[in-house]
Amino acid sequence: MKSLRRSLGPLCVLVLLSAAAAQSVRQGAVEAELVPAVASIQPGHAFDIALRLVHDPHWHTYWLNPGTGYPTAIQWALPPGWQAGEIRWPVPHVLQDAGGRIIGQGYDGEVFLLVTLTPPAGLQPGTSVTLKAAVSWLMCRDVCMPGEAALALTLPVEAGPPAPHPQWAEKLAAARGQLPHAPDGWPLAAARAGATVTLTVHPPAGRALTPADFHFFAGDNLIAYDQPQPGRMSADGAFVFELPIDNDGPKDALRLRGVLALDQGSIPGIAVDLPLGAAGAAPSGKNQVTSAKNNSGLLGTLALALLGGLVLNLMPCVFPVLGIKILGFVHQAGADRRKVTLHGLLFALGVLVSFWVLAGALIALRAGGKELGWGFQLQEPGFVFALAVLLLVFALNLSGLFEFGLSATGVGAGLQTKSGYSGSFFTGVLATVVATPCSAPFLAPALGAALTLSPVESICVFTAIALGLAVPYLLLSVFPAAVKLLPRPGAWMETFKQLMAFPLYATVGSLVWVLAGQTPDTGLLKVLFGLVLVAMAVWAYGRWTQHGGSPGRRRFGYALAAVLLAAGVVVGYPVKPSAEIVWERWSPETVARLRAEGKTLYVDFTARWCATCQSNKAVVFSSAKVRAALRRQGVVLLRADWTSRDPLITETLASFNRSAVPMDLIYAPGRPDPLILPELLTPDIVLNALQQISEKRERAGGDGSE
């Protein structure tokens, strides 16, 4: 009987503890409790515990990066010597409202948020320990409500290895299977270009997957959570996803972090932590795919560079002197074929050396830029703007608005008539100098390569362009009779030159699109005005300096072009968003959450096509006094962007008897209704409204601070 009592004693304790552990706290639509994976604690040995959340139907809580709302949090109150790890988040899913609009990232139903606890080695067997935690969450359906609970769990301390908890061990083991991890055989690569991150995934052979089976959840705000993630399958069986960068995300992110969720198979999600390299970066993973794809990409770039060098010979700056140069070689060498060939080789060497010098200068520039913290150059708005200005000027030149490059021909006249082999070498240098002013459609890719590829690859690209430029001269020096086969210069060359301007205009457009994600709305408008002034400067230069006329007329043209160009750069140079002015995306859930936290909110209902809206922001938030007042009172800025049709914003405007933007509201703690500001704003109007709110809070007993 005594032995029976001894055997039943520990079992009764476990049953009682299980009953205690099963106790939960319910608030609103969520039930919360702490549940352990073990039935007892072994001193010094870590074990898993979980916050179990059970949601009512159609309700949800949020993941580590919620999108909207805020994530569930656990604040532990543990005995001395205990250590608690971070929450290990299960793979989330996309949260949608009744209309199918994406509203966040999180969980519904039953979810276990696992945490590893490590007890001190000095615990005494035969005692018990109570573990306490204060947890908070945001639960949402059509509305959102904050929830919180004080939870506790008591477990006995045993000397031997703990037994699995009879109620929760199996469920927590299943929950571990829902955690994202980094499996073998899934090489990944990420590259950032402008406003898009490209994620390349190489699944193991034999997996029947489609792009629709994947979804990427960013661990920070880099990727827009509510935008489509178009995917495609490449020729080598990889999945390529275009992830749109969030306008409010970190501008200097160097890594892509998050979870790549899978809708089928034994792997619920892949943990992603990748460097953001240039396009074509090698995938990472234990089972690396071969670099044949990257090599083929480089070979393709070299082929295009070679073709670009060949086409340079058709540009008006170069083509008319092609045959003259070759006949000059023949004249210098007489009838000696070997000497003619040697002159051609030295000419080609001059071209190569010139391009190598150019490549070296750009590589040095890249190295200096990295030391200055450029990182990837297209992440720097100033660089993007400068490149857009440069390409716009080249495009307008090709369109015939003005001409340059003619003086370079005159400068090289002495070299061109210089006798001997040195003359042939410097003629190659001259060909490069003459070609570069009108070579933008083909040197622009080389410039990009010099700033993104490795130094060796960059030199290879420039070498290919140089060979393309030099090969016709070299071939004609070997076969001088072929000069007769060249087409005659004519009007077709001018048409060809003008046609080459349109790819540059397209490139300028794409760079402006990149700047749209790097500057505030009003900043982008200034960029566009700046480019217009640059175009006007080029027009003035071509109109008054290159069509004859008196020296005074030319001086006027130079001065006007310089003033307009300087004005364009000053007006258009992009300004990064102020660190003091950080806009969060508006939603009713966000408003409810922040008001529940006692925050003062400034809500701007706006649209890009609304000129008054842009004028208001430019006038008000450029004021240092306004920024200081917002910072002093801890005001949270929310933007409701109505640029595209949004029924939720339309409904909210209607609730205030408005059918148009702008509409600016200030929500203050303790006031049920917001303060509605006038449609036309000035810094004084906003400052007076903030002062009014501050004084009312002080009269109510607050100090006006958060």
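Computation of the quantities below employed the complete heavy-atom set of this structure, encompassing side-chain atoms and omitting hydrogens, waters and symmetry-equivalent molecules. Position 1 is the first residue of the sequence, and the numbers go up from there.
Of the inter-residue distances, the one linking Leu199 atom CG with Gln229 atom CD reads 9.0 Å to the nearest 0.5 angstrom. The CG atom of Asp646 sits 9.0 Å away from the CG atom of Asp641 when rounded to the nearest 0.5 Å. The line from CG of Leu531 to CE of Met536 is 14.5 Å long, rounded to the nearest 0.5 Å. Note that the CG atom of Asn397 and the CG atom of Leu392 stand 11.5 Å from one another [nearest 0.5 Å].
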> Step by step, would you call Trp356 with Ile459 a side-chain contact (heavy atoms from CB on, under 4.5 Å)?
Replying inline: CA-CA 7 Å; Trp356 287 338; Ile459 291 175; 4.2 Å; yes

>> salt bridge (charged side-chain N to carboxylate O under 4.0 Å, His left out), that's the test. Do Arg585 and Asp246 meet it? Break it down for me.
In response: CA-CA 11 Å; Arg585 185 176 283 105; Asp246 195 296; 3.5 Å; yes

> Do Tyr505 and Ser399 pass the side-chain contact (heavy atoms from CB on, under 4.5 Å) test, and can you show the C-alpha distance, the side-chain angles, and the key distance before you say yes or no?
Replying inline: CA-CA 10 Å; Tyr505 289 126; Ser399 293; 2.8 Å; yes

>> Apply side-chain hydrogen bond (donor to acceptor under 3.5 Å, both in side chains) to residues Trp642 and Thr606 and explain how you reach the verdict.
In response: CA-CA 6 Å; Trp642 207 33; Thr606 183; over 6 Å; no

>> Please evaluate residues Val619 and Leu681 with respect to the criterion side-chain contact (heavy atoms from CB on, under 4.5 Å), reporting the C-alpha separation (whole Å), side-chain torsions for both, the decisive distance (0.1 Å), and the verdict.
In response: CA-CA 8 Å; Val619 169; Leu681 297 178; over 6 Å; no

> Going through the checks in order, is the side-chain contact (heavy atoms from CB on, under 4.5 Å) test met by Leu256 and Phe216?
Replying inline: CA-CA 10 Å; Leu256 179 68; Phe216 180 75; 3.7 Å; yes

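Between Ala537 and Leu565, the shortest heavy-atom contact is CB-N, 3.4 Å. The minimum heavy-atom distance linking Val527 with Gly572 is given by the pair CG2-O, 3.2 Å. Summarising the geometry of Pro662 relative to Asn616, their closest heavy-atom pair is CG-ND2, 3.8 Å, with the distance given to 0.1 Å. Closest approach of Pro228 and Pro244 over heavy atoms only: O-CD, 3.5 Å. Across all non-hydrogen atoms, the minimal contact from Leu352 to Ala466 is CD2-CB, 3.6 Å. A pairwise comparison of heavy atoms in Gly568 and Leu533 identifies CA-CB, 3.6 Å as the closest pair.
Taking 4.5 Å as the limit, every side-chain heavy atom of Glu242 sits out of range of all side-chain heavy atoms of Gln227. Counting heavy atoms from C-beta on, the side chains of Trp583 and Asp604 come closer than 4.5 Å. The closest side-chain heavy-atom distance from Thr200 to Phe239 is not below 4.5 Å. Here the side chains of Ile465 and Leu306 are not in contact, with every heavy-atom distance at 4.5 Å or above. Two residues are said to be in side-chain contact when any heavy atoms from C-beta on lie closer than 4.5 Å; Arg192 and Ile245 meet this criterion. Between Leu276 and Leu254, every side-chain heavy-atom pair lies at or beyond the 4.5 Å cut-off. Taking the side chain as every heavy atom from C-beta outward, Leu243 and Thr198 never approach each other to under 4.5 Å. Ile223 is not listed as a side-chain neighbour of Phe217, based on a closest heavy-atom distance of 4.5 Å or more.
No donor-acceptor distance shorter than 3.5 angstrom exists from the side chain of Glu679 to the backbone of Met663, with no hydrogens or angles considered. For the pair Arg553 (side chain) and Thr545 (backbone), a donor-acceptor distance under 3.5 Å is absent. In terms of modelled atom types and a separation under 3.5 Å, the side chain of Asn65 and the main chain of Ala218 share a donor-acceptor contact.
Taking the ring centroids of Phe214 and Phe241, they lie under the 6.0 Å cut-off.
No more than 12 heavy atoms of other residues, nucleotides or ligands lie within 6.0 Å of CZ in Phe529, so this atom counts as exposed by the packing criterion.
By the 4.0 Å N-to-carboxylate-O rule, Arg257 lies too far from Asp220 to be salt-bridged with it.
Trp586 does not carry Arg639 over the face of its six-membered ring by the limits of under 6.0 Å from the centre and within 45° of the normal.
Ring planes of Trp544 and Phe556: perpendicular class, angle over 60° (limits at 30 and 60°).
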